[in-house]
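What follows is one structure encoded as structure tokens, with my remarks underneath.
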There are 2 protein chains.
Amino acid sequence: MTDLPDFDLDRFTPYRLAVVAQKTSEGLARLYRAKFGISIPEWRVLVHVAHSGNVSVRDIEARVAMEKSKASRAASRLEAAGYITKNASKTDRRLVSISLTAKGQVLMAELLPMAQAYQNDLEARLGADFDALEKGIDRLLDET
Amino acid sequence: MTDLPDFDLDRFTPYRLAVVAQKTSEGLARLYRAKFGISIPEWRVLVHVAHSGNVSVRDIEARVAMEKSKASRAASRLEAAGYITKNASKTDRRLVSISLTAKGQVLMAELLPMAQAYQNDLEARLGADFDALEKGIDRLLDET
DNA sequence: ATATAATCGTTGCATTTGCAACGAAGTCAA
DNA sequence: TTGACTTCGTTGCAAATGCAACGATTATAT
């Protein structure tokens, strides 16, 4: 019976972040999943397309922290659902140019305010602690 | 062409938390995955068993924020690898009593210090921002 | 005591995931 | 131009995941 170091998972920052991330993501995801049948990867693709206009899978992979196969499949599902279109780029035919359809615009016109309200609520509930949290996250993102 | 609200995913807290959680978890997971072939769910089960002695799948589900089927299968893999044993509880035969084997003890005697070092490093690098981050996380965990 | 309900852990199943491999397209050097 | 190399997106495949359903056990109510 070796005696092990006393290690408490509840105080382990990577674990705590995982729990909190899951919790906050799920809160919003439940809403749009129930209402529109959108998954979290699909939501991320949509947001980036809505924000940046024409984007490629590569762009999504880089800017939205998602594996390219995951991004590719999320985009395929969104295309099948009629929310986006995928076209070969004119300038570089390796690239796929993804953009919102009219139906996708309507969807996002409803989704984005929901997300913004969720964010506002989060900020309001945390009050002063919110800025501290954000700063900590920034530090972690900047660190290697 | 409806014009959509200007929403920046980079400033969306649930997304930011997801990225940071992924990043910090992966940092440590790479180490023990390469060295011992342990996955993140398996790691969580091991930590809880090491910390609390005999535990059931239900305990793990409740205390480690993991679905019971996920916990069950992680435990099965750990049993197959010889790190834990599963026995029917004497007092309630629905429960499974999970505990570390000698081999599991040896494993954790190496893993836990690695994790603690990782945590210490995180704290040292963030300095004063660490406490602020932790407080923010606590707030989010306490909120519904 | 008996029937009903609740709890625990596992498993079947469809879906999602990560990774590597691939074809297609573009880049670069000689 | 040719050939080697890189980049982009998709897909095959095995593994992991979430959910519901199940058998086994225990708790509760009548």
Side-chain angles (χ1 to χ4, degrees), chain A residues 18-19 21-23 25-27 29-30 32-34 37-45 48-49 52 54-81 84-99, chain B residues 18-19 21-23 25-27 29-30 32-34 36-46 48-49 52 54-81 84-99:
Chain A
V19 172
Q22 150 84 21
K23 189 173 178 180
S25 279
E26 260 306 301
R30 257 199 315 273
Y32 56 69
R33 185 164 41 218
I38 301 290
S39 71
I40 292 181
E42 287 155 21
W43 147 258
R44 286 201 194 165
V45 168
H48 191 227
V49 175
S52 300
N54 275 25
V55 295
S56 66
V57 171
R58 179 81 180 88
D59 292 331
I60 297 170
E61 178 186 13
R63 289 268 301 73
V64 188
M66 190 157 51
E67 253 230 347
K68 65 180 179 176
S69 66
K70 199 172 177 177
S72 171
R73 290 192 250 238
S76 295
R77 288 191 296 266
L78 289 170
E79 187 185 31
I84 64 169
T85 57
K86 295 198 287 188
N87 300 296
S89 159
K90 290 297 179 189
T91 64
D92 183 342
R93 275 180 304 186
R94 290 171 304 181
L95 299 183
V96 171
S97 177
I98 296 174
S99 51
Chain B
V19 172
Q22 150 84 21
K23 189 174 178 180
S25 279
E26 259 306 300
R30 257 199 314 273
Y32 57 68
R33 185 162 43 218
F36 305 106
I38 301 290
S39 71
I40 292 180
E42 287 155 21
W43 147 258
R44 285 200 195 165
V45 168
L46 283 171
H48 191 229
V49 176
S52 299
N54 275 24
V55 295
S56 67
V57 170
R58 179 79 178 86
D59 292 331
I60 297 170
E61 178 186 13
R63 290 269 299 77
V64 187
M66 190 157 52
E67 253 231 345
K68 65 179 179 176
S69 66
K70 200 173 176 176
S72 171
R73 290 193 250 239
S76 295
R77 289 191 296 266
L78 290 171
E79 187 186 32
I84 65 170
T85 57
K86 295 198 286 189
N87 300 296
S89 159
K90 290 296 176 191
T91 64
D92 183 341
R93 275 179 305 186
R94 291 172 302 182
L95 299 182
V96 171
S97 178
I98 296 174
S99 51

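These numbers come from the heavy atoms of this one structure, side chains and all, not from hydrogens, waters or symmetry mates. Within every chain, numbering begins at 1; the chains are lettered A, B, ... in the order of the sequence lines, protein sequences first and strands thereafter.
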Distance test, side-chain N/O of A:S72 to OP1/OP2 of D:dT10, below 4.0 Å: yes
Between A:K68 and A:V57, what is the shortest heavy-atom contact and its length? O-CG1, 3.8 Å
B:V55 and B:V45: CA distance, side-chain angles, deciding distance, side-chain contact (heavy atoms from CB on, under 4.5 Å) verdict: CA-CA 10 Å; B:V55 295; B:V45 168; over 6 Å; no
Take the protein atom NZ of B:K86 and the nucleotide atom C1' of D:dA24, then report the distance between them rounded to whole Å. 15 Å
Distance check needed: C:dT16 P versus A:E42 CD, whole Å only. 8 Å
Go through the structure and list residues passing side-chain hydrogen bond (donor to acceptor under 3.5 Å, both in side chains) with A:N87, not counting sequence neighbours. none
Atom CZ of A:R58 and atom P of C:dA24 are separated, to the nearest Å, by 22 Å
Sugar-phosphate only, base, or nothing, as touched by B:S56 at under 4.0 Å among non-hydrogen atoms: sugar-phosphate
Can you tell me how far P of C:dT16 sits from CG of A:L78, to the nearest Å? 12 Å
Step-by-step side-chain contact (heavy atoms from CB on, under 4.5 Å) determination, B:R44 to B:H48: CA-CA 6 Å; B:R44 285 200 195 165; B:H48 191 229; over 6 Å; no
Give the table of side-chain donor-acceptor pairs shorter than 3.5 Å for residues 60-67 of chain B, with sequence neighbours excluded, one pair per line with atom names and distance.
{"residue": "B:R63", "atom": "NH2", "partner": "A:D10", "partner atom": "OD2", "Å": "3.4"}
{"residue": "B:E67", "atom": "OE1", "partner": "B:S69", "partner atom": "OG", "Å": "3.0"}

Can you tabulate the close N/O pairs, meaning under 3.5 Å, that link protein atoms to atoms of nucleotides 17-20 of chain C?
{"residue": "C:dG18", "atom": "O6", "partner": "A:R73", "partner atom": "NH2", "Å": "2.6"}
{"residue": "C:dC19", "atom": "OP2", "partner": "A:E67", "partner atom": "OE2", "Å": "3.4"}
{"residue": "C:dC19", "atom": "N4", "partner": "A:R73", "partner atom": "NH2", "Å": "3.4"}

Is any side-chain heavy atom of B:R33 closer than 4.5 Å to a side-chain heavy atom of B:E42? no
Could you pull out all residues at least two apart from B:K86 that satisfy side-chain hydrogen bond (donor to acceptor under 3.5 Å, both in side chains)? B:S76
Mind listing the residues from residues 88-98 of chain A sitting with a heavy atom below 4.0 Å of DNA chain D? Number order is fine. A:R94, A:L95, A:V96
Quick one: does B:L78's side chain get under 4.5 Å of B:W43's, heavy atoms only? no
Tell me: CD1 of B:I84 to C1' of C:dG9, nearest whole Å? 13 Å
Distance in angstrom units between B:N87 CG and C:dG9 P, rounded: 13 Å
All side-chain hydrogen bond (donor to acceptor under 3.5 Å, both in side chains) counterparts of B:S25, not counting sequence neighbours: none
